[in-house]
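The block underneath contains the structure these notes are about, expressed in structure tokens.
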Number of protein chains: 2
Amino acid sequence: MDTQIDRKPKPVAAGPDGALIDRARDLAPQFKALSDENRLAIVLLLSERDRTVRELTEATGLAQTLVSHHLAPLRELGLVTVTPQGRSNVYALCCDAFTAPMRALAGLSNATEAAGCDC
Amino acid sequence: MDTQIDRKPKPVAAGPDGALIDRARDLAPQFKALSDENRLAIVLLLSERDRTVRELTEATGLAQTLVSHHLAPLRELGLVTVTPQGRSNVYALCCDAFTAPMRALAGLSNATEAAGCDC
DNA sequence: TGCCATCAACAGTAGATACTGATATTACTT
DNA sequence: AAGTAATATCAGTATCTACTGTTGATGGCA
């Protein structure tokens, strides 16, 4: 805890594949944000239209606290934006730059379903 | 078993957004598989070309055990395929439908850099 | 046949995080 | 001003998972 200096020997990829390793480091958090089914549900709901926390709570059936809890990391990653409106907070997807490849992967879901990748 | 990625059974969303919720449930495991930076690095490396476990171990600088450990869930999700070749196991991305988006992500500029979404 | 290389599976541990209930904060309403 | 609706934050717990070291299994090679 205090005796050990947390020097994670993440030797900063230096090989010819260093760029890819770095890219993975940069992109992983984005995927992680979508790796939870509840957070992904929220993002998919927002891909339809902007919604307030209350709407998200109703649509998902989750506790308000939990919805808010999941929105926090999405916010900090810049995947969603907040716009106070009245006493509600309207959430929206950030942009397409990241969601475009996501859509491509999303379309893959049917293919890989049941591990039946028939390509 | 850390290879299990599925979660506890949820009460099957029944609202008008049930389809989206279900879709999130189906899709989350895929994103989860890519949410770890080491696993994502492996996938990105495989998007370049097929590689043996040894090659992946060298390219990532990870312990062989860890690489094998990460390959297991990718295998079970059907995201990668294995082809024994001599005493090596050659891994490859499941299909082009999956390779294409991953290539796109691998070649993605630093535009989506953390919180730097300027849209 | 012994030896080595390659890879996967088996515990065990440390750290992360999803979820809950309670509380604080802000903005609208009457 | 008081009340209420809408969100966010604060602990606390339980679960999950990434990582390690070791062991086991399999396929070439001398």
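Here is the naming used below: chain letters follow the sequence lines, and residue numbers restart at 1 for every chain. All values below were derived from every heavy atom in this structure, side-chain atoms included, with hydrogens, water molecules and symmetry-related copies excluded.
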What's touching nucleotides 25-30 of chain C from the protein side, N or O pairs under 3.5 Å?
unit_1: C:dC28; atom_1: O2; unit_2: A:R87; atom_2: NH1; d: 3.4

Pairs under 3.5 Å (N/O, protein and nucleotides 20-22 of chain C):
unit_1: C:dA22; atom_1: N6; unit_2: A:T65; atom_2: OG1; d: 3.4

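Every residue two or more places apart in sequence or in another chain was checked for a salt bridge (Lys or Arg N to Asp or Glu O under 4.0 Å) with B:R75, and none qualifies. With sequence neighbours left out, A:R54 forms a salt bridge (Lys or Arg N to Asp or Glu O under 4.0 Å) with A:E58. Contacts of B:R87 classified as side chain to side chain contact (heavy atoms under 4.5 Å, CB included), with partners at least two apart in sequence or in another chain: none. Applying the side chain to side chain contact (heavy atoms under 4.5 Å, CB included) rule to A:H70 yields the partners A:D36, A:N38, A:R39, A:I42, A:L66; only residues at least two apart in sequence or on another chain are considered. Remark: A:A92 engages A:D50, A:T81 in a side chain to side chain contact (heavy atoms under 4.5 Å, CB included) (not counting sequence neighbours). Evaluation of the side chain to side chain contact (heavy atoms under 4.5 Å, CB included) rule for A:T57 yields A:V53, A:Q64, A:V67 as partners, not counting sequence neighbours.
Residue pairs satisfying the salt bridge (Lys or Arg N to Asp or Glu O under 4.0 Å) criterion with at least one member in residues 62-72 of chain B, sequence neighbours excluded, are absent.
The distance between atom CD1 of B:I42 and atom P of C:dC7, rounded to the nearest whole Å, is 12 Å. Distance CG (B:L62) to P (D:dG21): 13 Å, rounded to an integer number of Å.
By the 4.0 Å N-to-carboxylate-O rule, B:D22 lies close enough to B:R25 to be salt-bridged with it.
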